[in-house]
Amino acid sequence: MCNIKIHETQPLLNLKLDRVMQDIVYKLVPGLQDILAKTRIKVSCRAEVRHLRRVLCHRLMLSPQHVQLLFDNEVLPDHMTMKQIWLSRWFGKPSPLLLQYSVKEKRR
């Protein structure tokens, strides 16, 4: 698409938001913007992974056994609090703490 070489050790260095492309994707995938907005969740530092998983499952209309919370592709244990995650994995980095989730396929 372009002749700009991606930096080998910092591939996100020159990455920037493309509003036009974003608008095109949102028009091609109806409801995507709503889905992405719904997955942003603010919780207390005392909340445990299990609590966040329940909220996420409720918003995504999924069963809790089908959803895992991840940090850096590592599954987080249910008993861990957001403060523990912050101190052990995110300390010194800017807010907000970013977690990912994965949805396991349902067995038939």
Side-chain angles (χ1 to χ4, degrees):
M1 206 160 150
C2 64
N3 293 327
I4 298 173
K5 184 176 179 182
I6 296 174
H7 195 280
E8 291 178 15
T9 59
Q10 294 177 317
L12 303 178
L13 184 65
N14 293 320
L15 191 65
K16 61 184 175 183
L17 181 62
D18 185 342
R19 290 279 181 200
V20 175
M21 184 63 76
Q22 183 179 11
D23 290 343
I24 291 169
V25 170
Y26 286 154
K27 287 179 181 171
L28 290 173
V29 184
L32 178 63
Q33 190 171 9
D34 294 332
I35 291 168
L36 293 175
K38 287 178 188 176
T39 57
R40 293 185 183 180
I41 301 171
K42 228 177 173 177
V43 295
S44 164
C45 66
R46 290 185 271 176
E48 295 180 355
V49 169
R50 83 179 89 239
H51 302 130
L52 184 56
R53 203 161 55 102
R54 280 188 207 141
V55 171
L56 186 61
C57 289
H58 178 73
R59 289 191 179 185
L60 297 173
M61 293 181 275
L62 292 169
S63 179
Q65 68 263 25
H66 294 117
V67 176
Q68 294 177 322
L69 282 175
L70 309 164
F71 181 86
D72 201 22
N73 291 324
E74 175 191 343
V75 177
L76 295 169
D78 274 346
H79 66 275
M80 197 168 216
T81 65
M82 295 301 114
K83 186 173 184 177
Q84 289 172 320
I85 296 168
W86 180 273
L87 292 173
S88 65
R89 293 171 169 87
W90 197 261
F91 189 75
K93 296 179 184 176
S95 295
L97 168 64
L98 300 174
L99 301 176
Q100 296 82 35
Y101 68 92
S102 68
V103 179
K104 296 186 246 175
E105 286 189 43
K106 297 177 185 177
R107 294 184 183 180
R108 296 179 188 217

**Fill in**
For Trp86 and Ser95 the tightest heavy-atom approach is CH2-OG, 3.5 Å
**Asked** Could you give the distance from SG (Cys45) to CG (Leu87), rounded to the nearest 0.5 Å?
**Response** 9.0 Å
**Message:** Under the side chain to side chain contact (heavy atoms under 4.5 Å, CB included) test against Val49, which residue among Thr81, Leu99, Val75, Asp78 passes?
**Reply:** Asp78
**Prompt:** Between the side chain of Arg53 and the main-chain N/O of Leu69, is any donor-acceptor distance below 3.5 Å?
**Reply:** no
**Fill in**
One should read off an interatomic distance between Met21 CE and Leu28 CG, to the nearest 0.5 angstrom, of 9.5 Å
**Message:** Quick check on Lys27: does its NZ atom have over 12 non-hydrogen neighbours (other residues, nucleotides or ligands) under 6.0 Å away?
**Reply:** no
**Request:** Evaluate the side-chain contact (heavy atoms from CB on, under 4.5 Å) criterion for residues His51 and Ser44: first the C-alpha distance (whole Å), next the side-chain angles of each, then the deciding distance (0.1 Å), finally the verdict.
**Result:** CA-CA 10 Å; His51 302 130; Ser44 164; over 6 Å; no
**Prompt:** Which pair of heavy atoms, one from Cys57 and one from Pro64, lies closest together, and at what distance?
**Reply:** SG-CA, 3.4 Å
**Prompt:** About how many Å separate NZ of Lys42 and CE of Met82, when rounded to the nearest 0.5 Å?
**Reply:** 15.0 Å
**Prompt:** Between CG of Leu76 and CZ of Arg50, what distance do you get to the nearest 0.5 Å?
**Reply:** 12.5 Å
**Prompt:** Do Val103 and Leu62 come close enough that some side-chain heavy atom pair is under 4.5 Å?
**Reply:** yes
**Prompt:** Would you say Tyr101 and Leu52 make side-chain contact, with heavy atoms under 4.5 Å?
**Reply:** no
**Message:** Would a single hydrophobic cluster contain both Leu70 and Val43, if residues Ile, Leu, Val, Met, Phe, Trp and Tyr are joined by side-chain heavy-atom contacts under 4.5 Å?
**Reply:** no
